[in-house]
Participant: 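Sharing a structure with you now.
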Amino acid sequence: MDTPIFQDKVICILCGFCGFTKVSKDIISNNIEKLGGTTVKKISQLPENLTHLIVPYFSTESKLLKTLKISQLPDCKIVTQDWAIQSIKLKTLLPEDTFLWKCYFQRQQEKMAEVDELKRKSQIDEEYHINKQLKLQSNIKIEENFEENENQIKIEENLEIKNEENDIKIKLDPDIKIEIKQEDESSRFISDKRRRANWKEDELSKFKFYTGKQSIDNKNDHIIQMLEELKNNYTILKDKGRIIGYQKAISAIRSFPEKITSIEQLKGVNQIGKQTLQKIKEILETGSLSRVEAMDEHERLGQLKLFLNIWGVGTEAAEKLVRKGYKTIEMIKANPPDFFNENQKIGLALYDELLEKIPREEVKEISEKITKVAESLANGRQLTAITCGSYRRGRPLCGDIDILMTFEDGGAHTGLLSILVEELKKIGLVTHTLVITDEEIKKKHENSTFEGIAKLENGLHRRIDIKIYPRKTYAWALLYFTGSAMFNRSMRLFAKTKGFRLSDEGIFPAIRYKTETFTCAPIADCYTEEEIFEFFGMAYKAPEERDM
DNA sequence: TGGCCAATACTG
DNA sequence: CAGTAT
DNA sequence: GCCA
């Protein structure tokens with residue numbers, strides 16, 4: 001057994017918000033227990049002898065109180081996850097004072113206030129440089145495990161990276177400091193410059209699959225359709241691996257430039273292995289796939305497929321329906337099961353309409369109407385609204401309408417979404433609400449989401465999402481909601497191989513500890529998609545090029 | 001043989 | 001909390 | 001199902 005450095009410590013870890021995940025929490029928990037500590041399982045009942053509360057870096061006090069469902073923070077050390085991570089790493093119980101959440105929080109607040117102030121003063125073209133500056137600063141911060149000193153942000157100075165020795169003061173005991181530095185420099189924390197240089201090298205090899213050059217006159221449509229079918233079947237069977245496998249094979253074939261007449265042509269193509277090759281051979285020779293046919297004979301599968309198309313019905317509910325003996329949508333409509341919730345009832349009622357693809361023109365019309373209403377509610381502030389999803393990627397037909405909004409002034413948007421939805425309902429454009437986030441609780445610096453149904457006077461019911469993000473994370477959200485799913489996956493996977501985690505709110509360094517991963521504070525302030533691509537060291541890809 | 005994107009929010 | 005969705 |  002390792003040194004029980006956490007002996008007599010009773011520690012509660014809060015997770016699930018502000019970028020600190022349950023996975024990370026579990027890892028830390030396990031390690032603490034391994035090192036002799038006790039962790040609190042139920043946050044609803046904090047024990048009397050609680051010694052430490054571990055909270056995410058960016059927690060606000062109200063968020064903590066809400067999570068704990070208490071009115072006052074407990075009387076114990078409140079620290080960020082770094083305290084535990086570093087202690088575990090160094091097998092030494094580190095002093096709490098350098099990791100106190102309150103200090104971190106205060107520094108953060110001060111910095112934010114300063115940035116806000118600067119932004120207000122600066123012109124738009126200057127803003128770009130400020131962001132650059134902050135980007136460099138945040139990278140240094142990460143390299144030093146957030147041990148930044150109280151130095152002011154020196155915006156007026158040049159863009160040179162700050163001298164680490166002068167500006168960064170490690171507050172830990174000297175021995176420990178050396179250890180941290182050694183470990184970090186040798187493995188995880190390379191400078192942003194070097195990191196980006198590295199990224200550039202294999203940029204193309206990673207992304208050549210998603211160049212978006214799909215043939216317009218789908219020469220190999222029959223093969224693709226067959227494989228799609230197979231993929232759908234595995235979706236129902238919840239075989240995540242095969243779903244991805246087939247999806248990649250489909251992408252590969254879609255971007256294959258020639259008409260496939262012999263499998264010889266496909267030999268050596270990435271993502272098309274032996275088995276897929278065999279299947280394509282069968283399609284070429286017989287025009288069909290015995291695997292698909294065999295699967296189709298299980299009427300169960302067909303029914304599941306049918307039911308899964310009801311909005312709000314997933315694999316579990318679909319299974320249940322089959323077990324109850326439903327065969328068709330009509331049967332369900334005639335006699336709905338008692339376990340259906342409100343959303344599933346809406347999904348059922350609008351089953352056929354929601355399956356219809358939406359012509360581009362209609363997406364545009366609905367988006368414009370909504371944007372106009374939103375602008376009228378913006379009190380003169382500059383509102384940006386972009387319709388994302390397949391529409392932005394240039395598809396002639398779209399599955400749903402995905403509108404992303406932000407205030408250019410960087411201010412809060414609290415309450416706008418619910419008012420907007422109210423208004424849209426009043427004019428009859430929005431007919432149903434499926435989900436809407438509770439903005440009262442979330443306060444500012446967060447994002448709000450509406451999921452619902454919209455309809456033009458003479459049109460069909462359409463699935464629509466409206467999201468409002470703070471300006472700070474807008475570009476990341478834009479990238480994410482523009483997709484495609486495959487493009488996002490490849491980009492995130494790419495980030496992952498570089499020791500990062502990419503999400504709709506930014507890019508975060510992910511520190512590895514043994515085989516597991518911890519997520520740190522975000523780096524890189526990107527205000528446009530171009531900046532994100534630049535950060536990745538990639539050539540900018542237009543939305544149309546991300547379509548697959 | 002294991003991993004294949006991640007995080008969050010809502011419903012009931 | 002499980003299930004579903006984005 | 002594919003890949004490392």
Side-chain angles (χ1 to χ4, degrees), chain A residues 15-25 42 44 56 209 227 230-231 233-235 237-252 268-280 291 307-308 310-320 338-347 388-389 399-404 433-439 441-442 446-452 463-467 469 473 476-477 479-497 500-508 510 515 517 519 522:
Chain A
C15 68
F17 55 99
C18 298
F20 185 42
T21 64
K22 186 169 180 305
V23 181
S24 305
K25 175 199 153 158
K42 276 198 207 161
S44 52
F209 243 89
L227 296 181
L230 220 38
K231 190 193 90 175
N233 290 347
Y234 284 115
T235 305
L237 297 173
K238 289 189 272 192
D239 187 337
K240 225 177 171 182
R242 284 191 174 75
I243 298 169
I244 295 170
Y246 278 114
Q247 182 56 60
K248 286 186 175 167
I250 290 167
S251 300
V269 172
N270 210 359
Q271 295 299 330
I272 309 229
K274 233 173 136 188
Q275 313 210 58
T276 307
L277 228 40
Q278 187 52 46
K279 290 189 178 68
I280 293 174
R291 172 74 64 88
F307 301 160
L308 277 172
I310 304 172
W311 197 91
V313 171
T315 47
E316 298 306 311
E319 289 275 0
K320 249 191 210 172
D338 44 17
F339 66 79
F340 258 30
N341 64 31
E342 290 310 305
N343 287 347
Q344 289 165 328
K345 282 175 195 162
I346 296 172
C388 304
D400 63 0
I401 304 167
D402 198 346
I403 305 175
L404 189 58
T433 295
L434 295 164
V435 173
I436 184 158
T437 60
D438 189 341
E439 297 180 292
I441 293 173
K442 298 190 60 165
E446 296 278 351
N447 41 283
S448 349
T449 303
F450 163 78
E451 294 164 32
R463 269 284 295 114
I464 179 163
D465 295 335
I466 305 175
K467 301 172 218 283
Y469 270 68
T473 52
W476 302 97
L479 181 75
Y480 177 56
F481 292 113
T482 298
S484 67
M486 259 302 134
F487 179 80
N488 285 346
R489 271 203 197 123
S490 63
M491 198 127 162
R492 283 162 189 228
L493 194 57
F494 179 62
K496 192 173 191 168
T497 63
F500 286 86
R501 182 175 71 68
L502 174 65
S503 81
D504 60 336
E505 294 189 79
I507 184 150
F508 311 80
T515 58
T517 309
T519 297

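A note on names: the letters A, B, ... follow the listed sequences, proteins ahead of strands, and every chain is numbered from 1.
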Participant: Of the options A/Asn447, A/Thr437, A/Asp402, A/Ile403, which is the one that meets A/Lys467 in a side-chain contact (heavy atoms from CB on, under 4.5 Å)?
Facilitator: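 When side-chain contact (heavy atoms from CB on, under 4.5 Å) is applied between A/Lys467 and each of A/Asn447, A/Thr437, A/Asp402, A/Ile403, only A/Asp402 qualifies.
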Participant: Take N1-N3 plus N6-O4 or O6-N4 for Watson-Crick, N1-O2 plus O6-N3 for G-U, both under 3.5 Å. Which runs of 3 or more such pairs involve DNA chain B?
Facilitator: B:1-4 with D:1-4, B:7-12 with C:1-6
Participant: The side chain of A/Arg501 lies closest to which of these nucleotides: B/dA7, B/dC4, B/dT11?
Facilitator: B/dA7
Participant: Taking OP1 and OP2 of C/dG3, is either one under 4.0 Å from a side-chain nitrogen or oxygen of A/Thr315?
Facilitator: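 No, outside the criterion.
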Participant: Determine, step by step, whether A/Leu502 and A/Tyr480 satisfy the side-chain contact (heavy atoms from CB on, under 4.5 Å) criterion, reporting the C-alpha distance in whole Å, the side-chain angles of both residues, the deciding distance to 0.1 Å, and the verdict.
Facilitator: CA-CA 9 Å; A/Leu502 174 65; A/Tyr480 177 56; over 6 Å; no
Participant: For the atom pair CG (A/Leu479) and CG (A/Asn488), what is the distance rounded to the nearest 0.5 Å?
Facilitator: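 Reported value, rounded in 0.5 Å steps: 6.0 Å.
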Participant: Given atom CD1 of A/Ile346 and atom C1' of C/dT4, what is their separation to the nearest angstrom?
Facilitator: 14 Å
Participant: Mind checking what makes salt bridge (Lys or Arg N to Asp or Glu O under 4.0 Å) contact with A/Lys320, not counting sequence neighbours?
Facilitator: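 Applying salt bridge (Lys or Arg N to Asp or Glu O under 4.0 Å) to A/Lys320 gives none.
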Participant: If you compare every side-chain N and O of A/Lys248 against the phosphate oxygens of D/dC3 (OP1, OP2), does one of them come in below 4.0 Å?
Facilitator: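 For D/dC3, neither OP1 nor OP2 has a side-chain N or O of A/Lys248 closer than 4.0 Å.
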Participant: Once side chain to side chain contact (heavy atoms under 4.5 Å, CB included) is applied, do any residues pair with A/Glu316, and if so which ones, sequence neighbours excluded?
Facilitator: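 If we apply the side chain to side chain contact (heavy atoms under 4.5 Å, CB included) test to A/Glu316, skipping adjacent residues, the hits are A/Lys238.
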Participant: Quote, to the nearest angstrom, the C1' distance that separates C/dT4 from B/dA6.
Facilitator: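 Taking atom C1' in both C/dT4 and B/dA6, they lie 16 Å apart.
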Participant: Quick one: is A/Arg291 getting a side-chain N or O under 4.0 Å of the D/dG1 phosphate, OP1 or OP2?
Facilitator: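 Answer is yes, contact under 4.0 Å.
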Participant: Considering every strand and a 4.0 Å limit on heavy-atom distances, what is the contact class for A/Thr276: base, sugar-phosphate, or nothing?
Facilitator: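 Touches sugar-phosphate only.
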Participant: With a 4.0 Å cut-off on heavy atoms, is A/Ala317 in touch with a base, just the backbone sugar-phosphate, or nothing at all?
Facilitator: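 Contact class for A/Ala317: sugar-phosphate only.
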Participant: Look at the side chain of A/Glu316 and decide which nucleotide, out of C/dG3, B/dG12, D/dG1, has an atom nearest to it.
Facilitator: C/dG3
Participant: With respect to the side chain of A/Val435, which nucleotide from D/dC2, C/dT6, B/dC10 is positioned closest?
Facilitator: B/dC10
Participant: Under 4.0 Å, heavy atoms only, any strand: does A/Asp465 hit a base, just the sugar-phosphate, or nothing?
Facilitator: sugar-phosphate
Participant: Any base atoms under 4.0 Å from A/Gly273, or only sugar-phosphate, or nothing? Heavy atoms, all strands.
Facilitator: sugar-phosphate
Participant: Nearest 0.5 angstrom please: A/Lys279 NZ to A/Leu230 CG, how far?
Facilitator: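 Nearest 0.5 Å value for the NZ-CG distance: 6.0 Å.
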Participant: Picking from B/dC10, C/dT6, D/dC3, which would you name as closest to the side chain of A/Trp311?
Facilitator: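 Out of B/dC10, C/dT6, D/dC3, the nucleotide with an atom closest to A/Trp311's side chain is C/dT6.
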Participant: Record whether the side chain of A/Tyr480 comes under 3.5 Å of the base of B/dA7 through a donor-acceptor pair of N or O atoms.
Facilitator: no
Participant: Could you give the distance separating D/dA4 and B/dC5 at their P atoms, to the nearest angstrom?
Facilitator: 15 Å
Participant: Mind checking if A/Lys320 touches a base, just sugar-phosphate, or nothing, with heavy atoms under 4.0 Å?
Facilitator: nothing
Participant: For A/Leu434 and B/dT11, what is the distance between atoms CG and P respectively, to the nearest whole Å?
Facilitator: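 The distance from CG of A/Leu434 to P of B/dT11 comes to 10 Å, rounded to the nearest Å.
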Participant: Taking any heavy-atom pair under 4.0 Å as a contact, classify A/Glu342: base, sugar-phosphate, or nothing.
Facilitator: sugar-phosphate
Participant: Side-chain N or O of A/Arg463 less than 4.0 angstrom from OP1 or OP2 on C/dA5?
Facilitator: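 For C/dA5, neither OP1 nor OP2 has a side-chain N or O of A/Arg463 closer than 4.0 Å.
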Participant: Could you state the atom-to-atom distance from CG of A/Leu308 to C1' of C/dG3 in whole Å?
Facilitator: 13 Å
Participant: A/Ile244 side chain: which of B/dC5, C/dA5, C/dT4 is closest?
Facilitator: B/dC5
Participant: Please report the distance, rounded to the nearest Å, between NZ in A/Lys231 and C1' in B/dC4.
Facilitator: 14 Å
Participant: Classify the ring geometry of A/Phe481 against A/Tyr469: parallel below 30°, tilted from 30° to 60°, perpendicular beyond 60°.
Facilitator: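 A/Phe481 and A/Tyr469: perpendicular rings.
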Participant: Is it the case that B/dC5 (base atoms only) and A/Arg489 (side chain only) share a donor and an acceptor within less than 3.5 Å, ignoring hydrogens and angles?
Facilitator: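 A donor-acceptor contact between them is absent.
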Participant: Within the structure, does a side-chain N or O atom of A/Asn343 lie under 4.0 Å from either OP1 or OP2 of C/dT4?
Facilitator: no
